[in-house]
Amino acid sequence: QAGAGALAAGGNAIDAAAACAFALNAVEPWMCGIGGSGFMVVWVAAEKKAYVVNFQGVLAAGIDPADYPLDPNVPDALMGFPGVKDNRNVVGYGSITVPGAVAGLSLAVERFGRLGLDSVLSPAIQLAERGLPVDWNATLQIALEANELINNPAARDIYMPGGVPARPEQFLPLGNLPKTLRAIAEGGPGEFYTGRTGEMIAEDLQAGGSPITLEDLADYEAVIHDPTPGEHRGATLYIAGDTSLWPTFFAEPAMVYFQLFAKRCAKYIAATTRFFSQLKEKTSSVGVDIYLPPRQKKRCILYAIVFPFKL
């Protein structure tokens, strides 16, 4: 809806993508947030050229590798990072990098979009003011991280009211998020990195033991660079570069796996489509009609892809 709203307001695909990314702060904060980082690969049709907006997080200038000793008794992290004592590289204030999302999304909108940042942020602000819609998946995601959330007073107060994961069927107030998003909309990305918001972020990080300072925030810059091309079945794919996961994708074993996965997806999409067609025929023959909205049908097909063993 946020992306569709951006398009309806005269924006393009980049405005819509940024609007969706900002909106996820309020509807799926465990997946996307202004404290995060990432890449955006942009294809400019008029130029027939691809660009990468690189807003990966960077380390603080004062970080000390000695604070992150390897520990063979700690398993590797989910993303393949080696085990570190007390999981300091993945949990807590010491695991945080200088966040790039605000700078990167803002740069993408400025360079490639048509709308102003305030317009792009408007849906996210409205959603944040409404609160997080808590369903079974939200409760599950909060419960999975409960051990970490409960040790952070601000996170605990938001996501674990009463000391337990938020229960479904409610809108959960999101603390200062609406105020923060509104400040960025009014002051631009500089508000997040050098303004009062940036000062409060630096103060909190320092109080929690992070080496990140206001100077680190002020020095952060998202960059635009050329992508790394790769070939797949005669088509050119543009990837974010060597610091992304995508170079692994072009390795031969990964490509073989992807091709098998694509064939399986096609197989189960076809099977699910046949199932709905047959179901409609059978129910119609006995005077009963079945109607699935397009969105629900797509969701069922997606479940068929993710859980093919259930078909």
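Owing to the predicted nature of the structure, the values given are computational and were not obtained by experimental measurement.
Interatomic distance, CG of L115 versus CD1 of I14, reported as 11.5 Å (0.5 Å rounding). Separating the CZ atom in R196 from the CD1 atom in I201 is a distance of 10.5 Å, to the nearest 0.5 Å. From L140, atom CG reaches atom CG of L144 across 4.5 Å, with rounding to the nearest 0.5 Å. How far OH of Y159 is from CG of L149: 8.0 Å, rounded to the nearest 0.5 Å. Put simply, OH on Y220 and CZ on F192 are 10.5 Å apart, with the number rounded to the nearest 0.5 Å. Expressed to the nearest 0.5 Å, how far CD1 of I34 lies from CD1 of I184 amounts to 4.5 Å.
Both V102 and V58 sit in one connected hydrophobic cluster of ILVMFWY residues. Membership requires side-chain heavy atoms under 4.5 Å apart, directly or through other members. No chain of hydrophobic side-chain contacts below 4.5 Å, direct or via other Ile, Leu, Val, Met, Phe, Trp or Tyr residues, connects F171 to I142. The cluster map of Ile, Leu, Val, Met, Phe, Trp and Tyr, joined by side-chain heavy atoms under 4.5 Å apart, puts V91 and M160 in different clusters. Taken together through direct or relayed side-chain contacts under 4.5 Å among Ile, Leu, Val, Met, Phe, Trp and Tyr, W30 and I158 form part of one hydrophobic cluster. Under the 4.5 Å side-chain contact rule for hydrophobic residues, L205 and L214 share a cluster.
Shown here is M200, whose CE atom has more than 12 heavy atoms of other residues, nucleotides or ligands within 6.0 Å. Residue Q170 qualifies as enclosed at atom CD: its count of foreign heavy atoms under 6.0 Å is above 12. Sparse packing is recorded around CD of E169, with 12 or fewer heavy atoms of other residues, nucleotides or ligands lying under 6.0 Å away.
Between T228 and Y238, every side-chain heavy-atom pair lies at or beyond the 4.5 Å cut-off. Within the 4.5 Å cutoff, no side-chain heavy atoms of H225 are placed close to those of Y51. Residues Y68 and K85 have side chains not in contact (no heavy-atom distance under 4.5 Å, counting atoms from C-beta outward). At least one side-chain heavy atom of L127 sits less than 4.5 Å from a side-chain heavy atom of V27. Put simply, the side chain of E231 reaches to within 4.5 Å of the side chain of T236, judged on heavy atoms. At a threshold of 4.5 Å between non-hydrogen side-chain atoms, the residues F55 and M40 count as touching. Within the 4.5 Å cutoff, the side chain of L105 has no heavy atoms near those of the L107 side chain. The shortest side-chain heavy-atom distance between L70 and V84 falls under the 4.5 Å cut-off.
Side-chain N or O atoms of S122 include none that pairs as donor or acceptor with a backbone N or O of D118 at under 3.5 Å. Side-chain atoms of T197 do not come within 3.5 Å of backbone N or O of T180 as any donor-acceptor pair. With hydrogens and angles disregarded, a donor-acceptor distance shorter than 3.5 Å links the side chain of N152 to the backbone of A154. Under a 3.5 Å cut-off, the side chain of N87 and the backbone N or O of G83 do not form any donor-acceptor pair.
Taking every heavy atom of both residues into account, Y193 and L217 meet most closely at CD2-O, 3.3 Å. Nearest heavy atom pair, residue G33 against residue N25, reads CA-OD1, 3.0 Å. Heavy atoms only, all atoms of each residue included: A13 and L7 are closest at N-CD2, 4.1 Å. Across every non-hydrogen atom of G3 and A16, the tightest pair is O-CB, 3.5 Å. Of all heavy-atom pairs between I239 and V52, the closest is O-CG2, 3.8 Å. Counting all heavy atoms, side chain and backbone alike, G163 lies closest to I150 at O-CD1, 4.1 Å.
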| request: Start with the C-alpha distance between V44 and F112, add both sets of side-chain angles, then the distance that settles side chain to side chain contact (heavy atoms under 4.5 Å, CB included), and finish with yes or no. | output: CA-CA 8 Å; V44 181; F112 302 107; 3.9 Å; yes
**Request:** Evaluate the criterion side chain to side chain contact (heavy atoms under 4.5 Å, CB included) for residue pair V98 and L59; output intermediate values, then yes/no.
**Result:** CA-CA 6 Å; V98 179; L59 299 176; over 6 Å; no
Might you work through the side chain to side chain contact (heavy atoms under 4.5 Å, CB included) test for L24 and M31, ending with a clear yes or no?
CA-CA 7 Å; L24 285 174; M31 293 299 294; 5.6 Å; no
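Every pair tested for side-chain hydrogen bond (donor to acceptor under 3.5 Å, both in side chains) that includes a residue from residues 95-117 fails, sequence neighbours excluded, so the list is empty.
A salt bridge does not link E129 to K179: none of the charged nitrogens lies less than 4.0 Å from a carboxylate oxygen.
Between Q206 and T213, the side chains place no donor N or O within less than 3.5 Å of an acceptor N or O (distance only, hydrogens not considered). Residues D204 and Y93 have side chains that bring a donor and an acceptor to within less than 3.5 angstrom of each other.
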